[in-house]
Amino acid sequence: MADKKIINLSKKRNKKTLKKIFSVLKIPIVILVVVAALFLSARLLGNVAVSNITDGIRNIKTLFSDGGGYPYPIEAFGYGKTVDLGGKPMIIYDGSCVNLSSSAGKVFEMPLTYANSKAVTKNGRALIFSNSSNSVILRSRTEQLGTVSESGPIVAAALAKNGSIATSHATDEYQSVLNVYNSRFKKIFEWDCAQERIADISLSSNGKKIAALAIGAENAEIYTRILIFSAGSDEPVADVKYSGTLFLKVVYTDSNRVIAVGDNRTVVLGKDGTQLDELIYSEDSISAVCSDGSGNTVVCYEEFGGSKSGIVRFSKSGKRTCSFSFDGVPECMDADGGKIALVSGKEIIVYSSTGKEQRRIETENSVSEIICCSGSIYTVESGEIHKY
């Protein structure tokens, strides 16, 4: 009699079950491996990359949850401003700041102990400060990262892409003290200014170059010194003085250009202080200025008594990419990457980086603030945040 082959059905069932389990677990396993690799890479790159990845993981759940949608009601009491943080809105109140998701869900809320807070944002981080407080708070979209305290109230502050921060405050001995800290909150630079007040600061993307505006008066005339420092020395690389101009904003771009916007001119300087471009306009005609995370800067100034406005965009390389006229004076404006958005009445007009009109958006109400971020446009209208 021939031998009979015995088939073990239980083993076959076990193999099929294991295959099914593996197929179900395959995607989560791949995700875990990718996340582990990202964390390893982030650790090698530094604290900023770690915080970005942490934010991304924590925000995954918001992709699968409904936050209620926009418009989102703003609390009337103590409202300050809405800014872009990591491509989504962050609302600043007197006693707190609130991050929203793309569907208007609360991602993170952090208390603040002082009123009239301001924020500078860069690369998914926000540096929050107030002229009535001695401290600045560095935070991401989902957590507080640390604080720095100075000996006097903070007048100006700046944030670099790598997480470095800069502050300016006054003391009994000096008009201004400029400090720079690396991403681990270790002081790497200090400069004491006895004669002028530092009005604004900007850092290069790696935090090793500093641009500052120092304002003073001489013979009854105001002047501004545009100072460029390297973090390794308190002697400026460049010190350029402009008499008769009150500079309001300085931007150190990702292409190592310094763009300074004043009440009657905008100048572009090289990293050594050489003037590369100058835009002249009537005194006190500047109506708005904004810049994005790379340093692309848009200037708006009034012409013909306010019947028109001149709009000029400087790229991060310091080149003018467009210059065009706009009817009237926009209520507000913002820019992000290659997009410029202006508000006129109940209409948003969006232009490209070359000044070409791309589209018009009708708003539900009059707009008091506009925020361009990650391809979306958010507005503040009648106590609500809208998304377009």
Side-chain angles (χ1 to χ4, degrees), residues 52 55-93 96-110 117-126 128 139-142 288-294 296 298 300 311 313 326 330-353 356-388:
N52 278 342
D55 278 358
I57 293 172
R58 288 175 177 163
N59 284 330
I60 286 175
K61 64 180 181 181
T62 66
L63 300 175
F64 304 99
S65 61
D66 183 10
Y70 292 93
Y72 178 88
I74 298 172
E75 297 174 16
F77 180 75
Y79 172 72
K81 188 175 179 60
T82 299
V83 298
D84 167 23
L85 179 57
K88 305 293 187 300
M90 181 177 76
I91 309 171
I92 302 175
Y93 297 103
S96 66
C97 54
V98 179
N99 284 89
L100 302 179
S101 70
S102 57
S103 60
K106 278 189 182 182
V107 176
F108 178 63
E109 184 171 5
M110 184 182 78
S117 295
K118 304 173 184 177
V120 289
T121 62
K122 189 74 69 73
N123 195 19
R125 254 148 306 286
I128 301 174
R139 55 156 297 180
S140 69
R141 277 185 50 78
T142 62
V289 57
C290 58
S291 60
D292 63 17
S294 297
N296 301 300
V298 180
C300 177
I311 311 293
R313 180 184 184 271
F326 181 83
E331 278 81 4
C332 50
M333 76 174 195
D334 197 19
D336 182 43
K339 182 193 313 181
I340 306 168
L342 306 176
V343 174
S344 178
K346 294 184 179 181
E347 190 173 50
I348 301 169
I349 305 100
V350 181
Y351 298 88
S352 70
S353 60
K356 181 180 179 180
E357 185 178 316
Q358 294 182 322
R359 59 175 176 148
R360 290 179 178 246
I361 304 168
E362 294 293 331
T363 63
E364 295 185 20
N365 310 281
S366 296
V367 177
S368 56
E369 296 176 55
I370 184 167
I371 308 100
C372 298
C373 47
S374 294
S376 298
I377 293 176
Y378 296 87
T379 60
V380 177
E381 308 173 25
S382 300
E384 294 179 325
I385 297 178
H386 292 248
K387 180 181 179 181
Y388 298 94

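For reference, positions follow the sequence shown, starting with 1.
- With a 4.5 Å cut-off on side-chain heavy atoms, E75 and V98 do not count as touching.
- You'll find the side chain of R139 reaches within 4.5 Å of the side chain of F108, heavy atoms only.
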In sequence, state the C-alpha distance, the side-chain angles, and the governing distance for K106 and Y72, and then conclude on side chain to side chain contact (heavy atoms under 4.5 Å, CB included). CA-CA 10 Å; K106 278 189 182 182; Y72 178 88; 3.3 Å; yes
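- For the residue pair S117 and I92, the shortest heavy atom distance occurs at CB-CG2, 3.8 Å.
- The minimum heavy-atom distance between S140 and L85, with the atom names listed, is O-CD2, 3.9 Å.
- At a threshold of 4.5 Å between non-hydrogen side-chain atoms, the residues Y378 and K88 count as touching.
- Nearest heavy atoms, M90 versus A119: CE-CB, 4.2 Å.
- Side-chain contact check for S353 versus N296: every heavy-atom pair is 4.5 Å or farther apart.
- Of the possible polar contacts, none joining the E331 side chain to the S366 backbone as a donor-acceptor pair under 3.5 Å is found.
- In this structure, S352 OG and Q358 CD are separated by 5.0 Å, a value rounded to the nearest 0.5 Å.
- Of the possible polar contacts, one joining the S101 side chain to the S103 backbone as a donor-acceptor pair under 3.5 Å is found.
- Side chain of D292 to backbone of G337: a donor-acceptor contact under 3.5 angstrom is found.
- Remark: F326 CZ to I340 CD1 distance equals 11.5 Å, nearest 0.5 Å.
- Here the closest non-hydrogen pair linking T82 and I371 is O-CG1, 3.7 Å.
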Where do V350 and I377 land on the side chain to side chain contact (heavy atoms under 4.5 Å, CB included) test, with the steps shown first? CA-CA 10 Å; V350 181; I377 293 176; 3.8 Å; yes
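- To the nearest 0.5 Å, atom CD of residue E347 and atom CD1 of residue I349 are 4.5 Å apart.
- A donor-acceptor contact shorter than 3.5 Å is absent between the side chain of T121 and the backbone of A126.
- Residues S102 and K387 are in side-chain contact: their nearest non-hydrogen atoms beyond the backbone lie under 4.5 Å apart.
- Side-chain atoms of I385 and I74, non-hydrogen and from C-beta on, do get closer than 4.5 Å to each other.
- The two residues Y388 and E381 make their nearest non-hydrogen contact at OH-OE2, 2.7 Å.
- Between Y70 and S376, every side-chain heavy-atom pair lies at or beyond the 4.5 Å cut-off.
- Annotation for C373 and D336: closest pair CA-OD2, 4.0 Å, computed over non-hydrogen atoms.
- No donor-acceptor pair under 3.5 Å is formed between the side chain of R359 and the backbone N or O of Y351.
- Residues N365 and H386 meet the side-chain proximity criterion, which asks for heavy atoms closer than 4.5 Å.
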